[in-house]
Student: 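Structure below; questions to follow.
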Amino acid sequence: MAVTRLKRKDRRNKTFAKLDVKFLKLATNIELGSRSRQSTKDQLAKNNAVLAQLAKA
């Protein structure tokens, strides 16, 4: 049986699916603890603080 090459779209989907799985694994492995705690100086934390203030007003 001959090996068929994937079309460009299928190759792209395969790599994106692989990246999605990798991203989800990284995202779900965050544990509550001192090392994985988000820094208060982080830009995301600053943005969240500003959004929280705007939500109160």
Student: Of all heavy-atom pairs between Lys46 and Lys41, which one has the smallest distance, and what is that distance?
Tutor: CE-O, 3.4 Å
Student: Mind checking what makes side-chain contact (heavy atoms from CB on, under 4.5 Å) contact with Arg11, not counting sequence neighbours?
Tutor: Arg5, Leu6, Arg8
Student: Hydrophobic clusters join Ile, Leu, Val, Met, Phe, Trp and Tyr when side-chain heavy atoms are under 4.5 Å apart, directly or via other members; which others share one with Val50?
Tutor: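 Joined to Val50, directly or through intermediates: Leu54.
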Student: Taking only residues at least two apart or on different chains, which pairs with a member in residues 48-57 satisfy side chain to side chain donor-acceptor pair (under 3.5 Å)?
Tutor: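 For residues 48-57, and leaving out neighbouring residues, there are no side chain to side chain donor-acceptor pair (under 3.5 Å) pairs at all.
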